[in-house]
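Structure first, commentary second.
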Amino acid sequence: MGADVREVADGVHLVDGGIVNWVVLAEGGELTLIDTGYPGDRRRLLDSLAAVGGSPEAVRAVLVTHAHNDHLGSAEYLRAAHGTPVLLHPAEVPHARREFLHQVTPGQVLRNAWRPGVLPWALHAVRAGGTARIPVAAPGPFPVREPLDLPGRPVAVPTPGHTDGHVAFHLPRAGVVVSGDALVTGHPTSRRRGPQLLPGMFHRERERAAASLEVFEKLAADLLLPGHGPLHRGPVRRAAQQAREKAFPRLF
């Protein structure tokens, strides 16, 4: 299956990888890639670059919201094969090197296997490389809260809780927020639809993830591009409030 690529704002492309999304920012023949899907999504990832008129060589940098395998999947491939810088929040750099791994454990998945959607999601994750060990050999840090000198001029905004160094990316010129897993609109393991937190088993610190919703309430944007689920149109501030209303009681 090919990549489902949609230009949602000028130069801003949302790619639906099936269960996980990534974003391509295009400007002047150069690209910024935000997240890369699962390792098994590589063909779709490369197709998405071609679909916006680019190539791996045109990618100035890979920006990673957080170092889980469904977002980090092809980052090391692009770095090793094409010399593409892979950049994360400073706290997430050692996570990308796999000095440690903070993600849902097999035990947590098994304890929740009776819940609708959990087993199909887990099978897909394993088949797509979600449990593979593919560290980034030389990840680098980016500065936060200031425009990066890259296509789209994204601003990294810390939103910890899902992981210690999770960030969202604000695109002020486009009125867009790329939210990674800090604010999503759906997931195969969730019974909910619309703006929400991921189920609790996925967060390193769920309470801290809930607290990070306040960050989104301060961002001026009317288009939310989540790591999971469809795009959401409307004030991102209100989307974060809706997610807060759904956040408790704890699901998992």
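Because the structure is a prediction, the values reported are computed rather than measured.
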Enumerate donor-acceptor pairs with a distance under 3.5 Å from any side-chain N or O in residues 103-110 to protein atoms, sequence neighbours excluded.
{"residue": "Thr105", "atom": "OG1", "partner": "Gln108", "partner atom": "N", "Å": "3.1"}
{"residue": "Thr105", "atom": "OG1", "partner": "Gln108", "partner atom": "OE1", "Å": "3.4"}
{"residue": "Gln108", "atom": "OE1", "partner": "Thr105", "partner atom": "N", "Å": "2.9"}

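Annotation: the span from Thr84 atom OG1 to Glu76 atom CD amounts to 10.5 Å, rounded to 0.5 Å. Between atom CG of residue Asn21 and atom OG1 of residue Thr185 there is a gap of 7.5 Å, rounded to the nearest 0.5 Å. Taking CD of Glu92 as the reference point, atom CZ of Arg97 lies at 11.5 Å (rounded to 0.5 Å). With rounding to the nearest 0.5 angstrom, the CG atom of Asp222 is 9.0 Å from the CZ atom of Arg237. Interatomic distance, CG of Asp70 versus CG of Asp181, reported as 6.0 Å (0.5 Å rounding). Put simply, CZ on Arg204 and CG on Asp164 are 4.5 Å apart, with the number rounded to the nearest 0.5 Å.
For Gly29 against Ala58, the heavy-atom pair with the smallest separation is O-CB, 3.8 Å. Between Leu183 and Ala243, the shortest heavy-atom distance links the atoms CD1-CB, 3.5 Å. Minimum heavy-atom separation, Leu45 to Ser74: CD2-CB, 3.5 Å. The nearest pair of heavy atoms linking Val167 to Val64 is CG2-O, 4.2 Å. The minimum heavy-atom distance linking Gly152 with Arg173 is given by the pair C-NH2, 3.8 Å. Scanning all heavy atoms of the two residues, the minimum distance from Pro195 to Ala239 falls at CB-O, 3.2 Å.
If you chain together hydrophobic residues whose side chains sit under 4.5 Å apart, Leu46 and Val5 fall into the same group. Follow the hydrophobic side-chain contacts under 4.5 Å out from Leu171 and you reach Leu63 in the same cluster. With hydrophobic clusters built from ILVMFWY side chains whose heavy atoms lie under 4.5 angstrom apart, Leu72 shares a cluster with Val15. Note: the hydrophobic cluster containing Val93 does not contain Leu87 (ILVMFWY, side chain heavy atoms under 4.5 Å, direct or indirect links). Taken together through direct or relayed side-chain contacts under 4.5 Å among Ile, Leu, Val, Met, Phe, Trp and Tyr, Ile34 and Leu49 form parts of separate hydrophobic clusters.
Residues Arg79 and Val62 form no side-chain contact, since every pair of their non-hydrogen atoms from C-beta on lies 4.5 Å or further apart. Annotation: side chain of Leu78 is in contact with side chain of Pro56 (closest heavy-atom distance under 4.5 Å). Proximity of His89 to Pro158: side-chain heavy atoms (C-beta onward) are separated by under 4.5 Å at one or more points. Put simply, the side chain of Val12 reaches to within 4.5 Å of the side chain of Leu225, judged on heavy atoms. Here the side chains of His95 and Thr163 are in contact, with some heavy-atom distance below 4.5 Å. Side-chain contact between Leu25 and Leu150: absent, with no pair of heavy atoms (C-beta onward) separated by less than 4.5 Å. When side chains are defined from C-beta on, Leu198 does not count as touching Ser190, because their heavy atoms never get closer than 4.5 Å. Considering only heavy atoms from C-beta on, Val178 stays 4.5 Å or farther from Pro154 through its side chain.
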Starting from the C-alpha separation in whole Å, work towards a yes-or-no answer on side chain to side chain contact (heavy atoms under 4.5 Å, CB included) for Leu88 and Val136. CA-CA 11 Å; Leu88 307 92; Val136 178; 6.0 Å; no

Could you go step by step and tell me if His82 and Val59 meet the side chain to side chain contact (heavy atoms under 4.5 Å, CB included) rule? CA-CA 9 Å; His82 301 284; Val59 179; over 6 Å; no

Going through the checks in order, is the side chain to side chain contact (heavy atoms under 4.5 Å, CB included) test met by Tyr77 and Thr36? CA-CA 10 Å; Tyr77 162 77; Thr36 68; over 6 Å; no

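Counting only distance, with no hydrogens or angles, the side chain of Thr131 and the backbone of Val126 share no donor-acceptor pair below 3.5 Å. One N or O on the side chain of Asn69 and one on the backbone of Ala132 form a donor-acceptor pair closer than 3.5 Å. The backbone N or O of Gly37 sits nowhere less than 3.5 Å from a side-chain atom of Asp35 that would complete a donor-acceptor pair. Between the side chain of Glu7 and the main chain of Gly11, a donor-acceptor pair closer than 3.5 Å is present. Between the side chain of Lys246 and the backbone N or O of Leu197, no donor-acceptor pair lies under 3.5 Å.
For residues 204-234, the set of pairs meeting the ring pair (Phe, Tyr, Trp, His ring centres under 6.0 Å) definition, not counting sequence neighbours, comprises His71-His228, His187-His228. A ring pair (Phe, Tyr, Trp, His ring centres under 6.0 Å) check over residues 141-175, counting only residues at least two apart or in different chains, returns the pairs His66-His162, His66-His166, His68-His162, Phe142-Phe169, His162-His166, His162-His203.
Asp41 is linked by a side-chain contact (heavy atoms from CB on, under 4.5 Å) to Val20, Trp22, Tyr38, Arg44, counting only residues two or more places apart in sequence or in another chain. With sequence neighbours left out, the side-chain contact (heavy atoms from CB on, under 4.5 Å) criterion links Glu146 to Pro143.
Other residues sharing a hydrophobic cluster with Leu123 under the 4.5 Å side-chain heavy-atom criterion for ILVMFWY residues do not exist; the residue is a singleton.
Around the CZ atom of Arg98, the shell of radius 6.0 Å holds more than 12 heavy atoms that belong to other residues, nucleotides or ligands.
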